[in-house]
Amino acid sequence: MKHAASVTAPNKYVLIWDVVRRIPRGRVASYGQVADLAGLAGHARLAGYALHASAADALPWHRVVNAEGRLSLARTDPSSGMTQRLRLEREGVRFDARGRVDMTRHRWRPVVGQSARRPLEPSR
DNA sequence: GCAATGACGCTCT
DNA sequence: CAGAGCGCCATTG
């Protein structure tokens, strides 16, 4: 069925869910970023699949947006867009006039070694 | 097993 | 900056 995972949940999905669960409050990550952290670099689509397959309130799925900072809605539940935006705003995530998340300020930066690289956001 | 579809992403126009 | 095209992989008919 379209709502996979209802009975079968590939380990890959579990990996993705685990990453999503680690996203801090007030921070957002893109599907590609989640896939990458889950060890599935380049497979952003799988991240989307995993989220769709997971239970609605089993994890902070609302903190996952696409690379453009826009909200990707599930065709089976278009109303999720409203829920997502409300939850994010409630966490302090700001949206611009176009309805996009300000990625430069809210993109989640998991600790990797924080040696060099780190353009650091304009922090307003 | 092939063809179509999908909570995506990157590149080119 | 917007739209179209192509690539990735898993699920479904």
Side-chain angles (χ1 to χ4, degrees):
Chain A
M1 64 201 306
K2 272 87 175 185
H3 342 277
S6 20
V7 283
T8 38
N11 286 337
K12 294 174 185 174
Y13 286 10
V14 178
L15 291 176
I16 291 173
W17 295 340
D18 190 56
V19 172
V20 175
R21 261 186 271 269
R22 288 165 42 196
I23 304 176
R25 205 158 155 287
R27 273 298 133 139
V28 298
S30 70
Y31 291 90
Q33 188 181 353
V34 171
D36 182 34
L37 293 171
L40 301 170
H43 304 171
R45 244 173 182 178
L46 299 193
Y49 254 122
L51 256 60
H52 185 196
S54 70
D57 298 323
L59 48 94
W61 58 271
H62 58 279
R63 293 178 191 145
V64 183
V65 300
N66 65 30
E68 298 173 39
R70 275 195 160 293
L71 308 183
S72 293
L73 315 179
R75 285 200 152 93
T76 55
D77 182 15
S79 61
S80 61
M82 179 186 72
T83 303
Q84 182 167 19
R85 175 156 181 168
L86 286 175
R87 284 186 177 183
L88 289 176
E89 292 187 312
R90 196 176 62 181
E91 293 185 357
V93 175
R94 299 258 246 125
F95 285 74
D96 64 12
R98 299 194 202 75
R100 305 188 316 183
V101 175
D102 191 334
M103 296 302 275
T104 58
R105 284 198 324 197
H106 299 294
R107 184 186 279 281
W108 175 41
R109 290 196 205 41
V111 187
V112 286
Q114 57 166 177
S115 320
R117 65 166 324 199
R118 196 24 158 26
L120 217 99
E121 74 256 59
S123 87
R124 155 61 171 174

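These figures come from a predicted structure and were not determined experimentally. Just so we're on the same page: letters track the sequence lines, and every chain starts at 1.
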Of the options [options], whose atoms approach the side-chain atoms of [X] most closely?
X       : options               : result
A/Arg98 : C/dC9, C/dA2, B/dC10  : C/dA2
A/Tyr49 : B/dC10, C/dA10, B/dA7 : C/dA10
A/Leu46 : B/dC8, C/dT11, C/dC9  : C/dC9

Is atom CD of A/Glu68 surrounded by more than 12 heavy atoms (other residues, nucleotides or ligands) closer than 6.0 Å?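 No, because the 6.0 Å sphere around CD of A/Glu68 holds 12 heavy atoms or fewer from other groups.
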For residues [X] and [Y], report the shortest heavy-atom separation together with the two atoms involved.
X       : Y       : answer
A/Ile16 : A/Ala47 : CD1-CA, 3.6 Å
A/Arg70 : A/Gly99 : NH1-O, 4.1 Å
A/Trp61 : A/Arg87 : NE1-NH1, 3.5 Å
A/Val34 : A/Ala29 : CG2-CB, 4.0 Å

Show the distances under 3.5 angstrom between N or O atoms of the protein and N or O atoms of nucleotides 6-8 of chain C.
| residue | atom | partner | partner atom | Å |
| --- | --- | --- | --- | --- |
| C/dC8 | N3 | A/Arg45 | NH1 | 3.0 |
| C/dC8 | N4 | A/Arg45 | NH1 | 2.9 |

Do the side chains of A/Arg25 and A/Arg63 get nearer than 4.5 Å, heavy atoms only?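 A side-chain contact under 4.5 Å exists here.
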Does C/dC9 have OP1 or OP2 under 4.0 Å away from a side-chain N or O of A/Lys12?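 Indeed not, no polar side-chain atom of A/Lys12 lies that close.
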Rounded distance (Å) that lies between atom C1' of C/dA2 and atom CZ of A/Arg70: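 Going from A/Arg70 (CZ) to C/dA2 (C1'), I get 11 Å.
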Output the rounded distance in Å from OH (A/Tyr13) to C1' (B/dG6).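 Rounded to the whole Å, the gap is 10 Å.
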Name all residues meeting the side chain to side chain contact (heavy atoms under 4.5 Å, CB included) criterion together with A/Asp102; count only those two or more places apart in sequence or in a different chain, and write none if there are none.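 For A/Asp102, the residues satisfying side chain to side chain contact (heavy atoms under 4.5 Å, CB included) (neighbours in sequence not counted) are A/Thr104, A/Arg105, A/His106.
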Stems formed with participation of DNA chain C [Watson-Crick or G-U wobble, under 3.5 Å, three or more pairs]: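 Stem list for DNA chain C: B:2-6 with C:9-13, B:8-13 with C:2-7.
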Roughly how far, to the nearest 0.5 Å, is CZ of A/Arg100 from CG of A/Asn66?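 Here the rounded value is 9.5 Å.
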